[in-house]
Amino acid sequence: QVQLVESGGGLVQAGGSLRLSCAGSGRTFSSYAMGWFRQAPGKEREFVAAISSNGGSTYSAYSVKGRFTISRDNDKNTVYLEKNSLKPEDTAVYYCAARGTDYHVPSPYEYNYWGQGTQVTVSS
């Protein structure tokens, strides 16, 4: 089991940057594939990016490709989401999540553990 805590959200102007962090507990953090999802008011939770357990493979949603970068530091039990060229439509609560296998499926239903989320608001 792993517990996840996100941080780094906040208010930023359009075109700005923000880095989210997700700290995981437990000695088995490096065995989990990690993902970032987001949920805007009135919308379903959507996939943003994912990274394999050893960091060797990454995946991004088309809407954020080229703007967001996912990375991880297993020595620090932390996964990051670097967000550049932010747009108002990126406004949402961002969640990190963990799953026990590296086979990539961009669905929140395939993830077993979730953080509490961090709010990101992009003003125009």
Side-chain angles (χ1 to χ4, degrees):
Q1 194 170 2
V2 61
Q3 293 182 324
L4 305 170
V5 179
E6 302 96 335
S7 61
L11 175 64
V12 62
Q13 289 188 332
S17 299
L18 210 59
R19 188 176 81 158
L20 305 183
S21 299
C22 173
S25 65
R27 293 175 293 175
T28 59
F29 179 83
S30 61
S31 67
Y32 289 94
M34 300 296 297
W36 284 97
F37 292 78
R38 66 185 182 186
Q39 189 166 18
K43 295 187 176 181
E44 294 187 351
R45 193 167 298 189
E46 66 172 355
F47 168 75
V48 175
I51 189 167
S52 61
S53 58
N54 66 0
S57 298
T58 61
Y59 312 87
S60 298
Y62 178 80
S63 59
V64 305
K65 199 174 291 290
R67 299 189 299 123
F68 292 9
T69 302
I70 188 171
S71 62
R72 70 189 295 163
D73 185 340
N74 284 340
D75 289 337
K76 296 182 178 179
N77 281 10
T78 303
V79 63
Y80 305 97
L81 185 68
E82 189 75 40
K83 305 161 59 175
N84 299 312
S85 303
L86 282 162
K87 305 175 182 179
E89 51 264 43
D90 293 320
T91 295
V93 177
Y94 283 73
Y95 299 88
C96 72
R99 65 192 302 261
T101 61
D102 273 335
Y103 185 76
H104 174 59
V105 180
S107 168
Y109 300 104
E110 297 296 325
Y111 283 76
N112 309 105
Y113 305 103
W114 292 84
Q116 82 289 349
T118 185
Q119 176 72 47
V120 172
T121 303
V122 183
S123 63
S124 56

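Throughout, residue positions are numbered sequentially from 1 according to the sequence presented.
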Seminar exercise, completed: Which of P108, P106, S107 passes side-chain contact (heavy atoms from CB on, under 4.5 Å) with F47? It is P106
Exercise. How far apart are the closest heavy atoms of S17 and S85, and which atoms are they?
Worked result: OG-N, 4.5 Å
Problem set entry | Close side-chain approach of Q116 to V5, heavy-atom, < 4.5 Å | yes
Exercise. Is it the case that one hydrophobic cluster holds both V93 and W114, taking links as side-chain heavy atoms less than 4.5 Å apart, direct or via other members?
Worked result: yes
Exercise. Given side chains that start at C-beta, do those of V120 and D90 come closer than 4.5 Å, heavy atoms only?
Worked result: no
Exercise. What is the minimum heavy-atom distance between A14 and S124, and which atoms define it?
Worked result: CB-CA, 4.3 Å
Exercise. Which atom pair, heavy atoms only, marks the closest approach of V2 to A98?
Worked result: CG1-CB, 3.9 Å
For this session: Sequence neighbours left out, what pairs pass salt bridge (charged side-chain N to carboxylate O under 4.0 Å, His left out) with at least one residue falling in residues 97-106?
Result: R99-E110
Problem set entry | Same apolar cluster: V64 and V12, side chain cutoff 4.5 Å | yes
For this session: Please list all pairs passing the ring pair (Phe, Tyr, Trp, His ring centres under 6.0 Å) test where one or both residues lie in residues 77-100, with sequence neighbours left out.
Result: none
For this session: Please step through ring-ring contact (aromatic ring centres under 6.0 Å, His included) for the pair F37 and Y111, ending with a clear verdict.
Result: CA-CA 10 Å; F37 292 78; Y111 283 76; 5.1 Å; yes
Problem set entry | Side-chain touch E46/Q39, heavy atoms, less than 4.5 angstrom | no
Exercise. Can you tell me how far CG of L81 sits from OG1 of T118, rounded to the nearest 0.5 angstrom?
Worked result: 11.0 Å
For this session: Nearest 0.5 Å please: distance from the OG atom of S57 over to the OH atom of Y103.
Result: 13.0 Å
For this session: Kindly check if the number of other-residue, nucleotide or ligand heavy atoms within 6.0 Å of CD (Q3) is above 12?
Result: no
Exercise. Which atom names give the shortest non-hydrogen contact between A40 and A92, and what distance separates them?
Worked result: N-CB, 3.9 Å
Problem set entry | Same apolar cluster (I L V M F W Y, side chains within < 4.5 Å links), L18/I70 | yes
Exercise. Using the ring of each side chain (for Trp, its six-membered ring), is Y113 parallel, tilted or perpendicular to Y32, with breaks at 30° and 60°?
Worked result: perpendicular
Problem set entry | Beyond-backbone contact of Q13 with L86, side-chain heavy atoms, under 4.5 angstrom | no
Exercise. Are side-chain heavy atoms of R38 and S63 found at a separation under 4.5 Å?
Worked result: yes
Problem set entry | side chain to side chain donor-acceptor pair (under 3.5 Å) evaluation trace for T78 with D73 | CA-CA 5 Å; T78 303; D73 185 340; over 6 Å; no
Problem set entry | CD1-NE2 distance between I51 and H104, expressed to the nearest 0.5 angstrom | 12.0 Å
Exercise. Do the numbers put R72 on top of the ring of F29, so that NZ or CZ is under 6.0 Å from the six-membered ring centre and no more than 45° off the axis?
Worked result: yes
For this session: Compare all side-chain heavy atoms of S7 with those of S21 and state whether any distance is below 4.5 angstrom.
Result: yes
Problem set entry | Value rounded to 0.5 Å, distance of OG in S25 from CD in Q1 | 8.0 Å
